[in-house]
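One structure is given here, and the rest of the page talks about it.
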Amino acid sequence: MSTKVRVRFAPSPTGPLHIGGVRTALYNYLFAKKNGGDFILRIEDTDQNRLVPGAEQYIIESLKWIGIDPNEGVGFGDGPHAPYRQSDRKDTYRQYAEQLLQAGFAYYAFDTEADLEQMKASNANFKYDANTRELGKNSLTLSKEEVEKRLSEKEHYVIRIKLPADEDVKFYDEIRGWVIVNTSQMDDKVLLKSDGMPTYHLANVCDDYVMQISHVIRGEEWLPSAPLHVMLYRYLGWEKSMPKFAHLPLLLKPDGNGKLSKRDGDRLGFPVFPLEWTDPKTNEVSSGYKQKGYLPEAVLNMLAFLGWNPGTEQEIFSKEELTEAFSLEHIHKAGAKFDFEKAKWFNAEYIKKLADEELADLVKDNVTAKFGNQDAGYLVRAVSLVKERLVFLNDIELFGYLFQATEKYGETPLSKIVNIKASSFNPGAFETFLKEYTSTDTAALETTLKDFANSNEIKAGDLMKFLRVSLVGELSGPAIPDLIVLLGVEETGRRVTNCFSQL
RNA sequence: GGCCCGUUCGUCUAGGGGUUAGGACAGGAGAUUUUCAUUCUUCAAACACGGGUUCGAUUCCCGUACGGGCUACCA
């Protein structure tokens, strides 16, 4: 077996990939990159009944958006172990199931759904195992002839693993240490379903072996079935090349209990999906990080810290820095409640780090749609004034005054600036005065404005407040001189005159 | 119910046999910004509980409680 690190992310296309899945993918990716290994995307679509159209494409696009690029896999180019979609590998699983049959580690079971129901009804804690399989219709209880007959008549059957009655199964989890489970607690899981498809258990073990996966890094929900996988490796004769296991803590709901689920996002006002998703059946729309105005780098950083930390006090990490710092040892054991406030903070930090040009580029389409076409240079300057006020890219919509004048001013803002009405302020004189100011020096402009106030016997504070409302429409916003220089003296004059007329 | 995993400020977490138990987010106060935001300073805030082991336990062990996961011909 090659010692090269090879890990995989193996989602099931049963719906949009949620943020917990993205984190699993991220940890796999970081681990691979850190160790100079490969990261593979494998689509686990063995449940043909739960397939959701578009889900596979969604998974691929989500990974692309956030910047997690598999070396091999569906949507990212084939590698040496193609295909990477389990439905396309269907034939290989039967071969291994038959190998187990031959070796006596598995058996045919013909029990119908009704049979199973009955067995469960007669025993509240029923499980198909060493103690109960004699009650079933299977190749262990039926005569050889009967089995042959049923098989040749194409009767529906499944193949189950045959587990010993009482044996400790032990494996080392890279995050949790030794885990020991006795087979008396396990059941004879179905390996091959009656439709000929493998279950997850068989398929993931076979594929991980064939694809030479070195580390299985997956969610904690798989911990209870890991012993079964260990038994499968053993029975298939692959125990020596069995991958190492690492079971990740789960992402929990921010309120209450349970793991984060699809509904939590829009219920609590934050996305749980990387990209917006429209359910093909119900047309129900679930919000996505991208559409809400998150930067992929920020989401990546935020996700990395939900359950992992570098052991230092640095929190802002680029993908490259994350790769450098990542290790399995620093993964926290307990589940993490999703922290929406922290997510917002990360995003705001990343927006602040953007160059004005980059930010302008990112909000351009939105601004154009909402406020019409903008001069490219103007947009860059406008955006630089409000950069540190944005939590989301979409927050640019809150600053329409940078692109459009307020026509009708609100009562509340107007009520705060009535002083100017009573003063000797004259809008015409102010416009004339302004037009003489041609510099872009904002500090000098501030002095000039104060001088204007003084020489006209107006309180500087009253003037400033009035200007603010005139330009912004509210009592908050960037510094007045910055605004005037950005908007230009003509536009400023127009807004001032209009505002004054409404007092 | 059974089995497995877990438990440090409200949240994300660092740490680890002897520490003022550290940081970040959120919250409070203040400074700067004639506004707001930013920035800076500062305050408050935690080792679930009970037994061991030990000179000493938040740290190791056991139990309890609580939380989570699994318990399908789903992944």
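Excluded from the calculations below are hydrogen atoms, water molecules and symmetry mates; all remaining heavy atoms, backbone and side chain alike, are included. It should be emphasised that the depicted structure is a prediction, and the values quoted were computed from it without experimental measurement.
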Mark yes or no for whether T112(A), through its side chain, and D115(A), through its backbone, hold a donor-acceptor pair below 3.5 Å. yes
Identify whether any heavy atom of P198(A) sits under 4.0 Å from a base atom; if not, whether one sits that close to sugar-phosphate; answer base, sugar-phosphate or nothing. sugar-phosphate
When all nucleic acid strands are considered with a 4.0 Å heavy-atom cut-off, which category describes T312(A): base, sugar-phosphate, or nothing? nothing
Which heavy atom in L385(A) sits nearest to a heavy atom in P478(A), and how many Å separate them? O-CG, 3.9 Å
Give one of base, sugar-phosphate or nothing for Q86(A), where a contact means two heavy atoms less than 4.0 Å apart. nothing
Sidechain N-carboxylate O distance under 4.0 Å for D462(A), K465(A): no
Regarding W308(A), tell me which of base, sugar-phosphate or nothing describes its non-hydrogen contacts under 4.0 Å with the strands shown. nothing
Give one of base, sugar-phosphate or nothing for A226(A), where a contact means two heavy atoms less than 4.0 Å apart. nothing
Using a heavy-atom cut-off of under 4.0 Å over every strand shown, decide if Y200(A) touches base, sugar-phosphate, or nothing. base
Ranking L475(A) and D47(A) by the position along RNA chain B of their nearest nucleotide, the one closer to 5' is L475(A)
Could you check whether P478(A) gets within reach of a base, just the sugar-phosphate, or nothing at all, counting any heavy atom under 4.0 Å? base
Of the options K162(A), K127(A), R133(A), R160(A), which is the one that meets D188(A) in a salt bridge (Lys or Arg N to Asp or Glu O under 4.0 Å)? R133(A)
K193(A) side chain N/O closer than 4.0 Å to the phosphate oxygens (OP1, OP2) of C74(B)? yes
Can you give me the closest heavy-atom contact between E315(A) and F305(A), atom names plus distance? O-CE1, 3.6 Å
Kindly say whether, by distance alone, the side chain of K342(A) makes a donor-acceptor pair under 3.5 Å with the base of A24(B)? yes
Within the structure shown, what part of the strands sits under 4.0 Å from R176(A) by heavy-atom distance: base, sugar-phosphate, or nothing? sugar-phosphate
Whole-Å P distance, A24(B) and C43(B): 12 Å
By the 4.0 Å heavy-atom rule, please label L223(A) as base, sugar-phosphate, or nothing. sugar-phosphate
U13(B) and C36(B): how far apart are their C1' atoms, nearest whole angstrom? 32 Å
Taking any heavy-atom pair under 4.0 Å as a contact, classify D111(A): base, sugar-phosphate, or nothing. base
Between C49(B) and A37(B), how far is it from one C1' atom to the other, in whole Å? 45 Å
Have a look at S194(A) and say if it touches a base, only the backbone sugar-phosphate, or nothing, with a 4.0 Å heavy-atom cut-off. base
Using the P atom in both, what is the distance from A48(B) to U58(B), to the nearest Å? 10 Å
Checking all strands, does K465(A) fall into the base, sugar-phosphate, or nothing category for heavy-atom contacts under 4.0 angstrom? nothing
Looking at R468(A), I'd like to know whether one of its side-chain N or O atoms comes within less than 4.0 Å of OP1 or OP2 on C36(B). no
Taking for W178(A) and for F338(A) the nucleotide of RNA chain B with the nearest heavy atom, the one nearer the 5' end belongs to W178(A)
Check every strand shown and say whether G219(A) touches a base, only sugar-phosphate, or nothing at a heavy-atom separation below 4.0 Å. nothing
Would you mind classifying the nucleic acid contact of D339(A) as base, sugar-phosphate or nothing, using non-hydrogen atoms under 4.0 angstrom? base
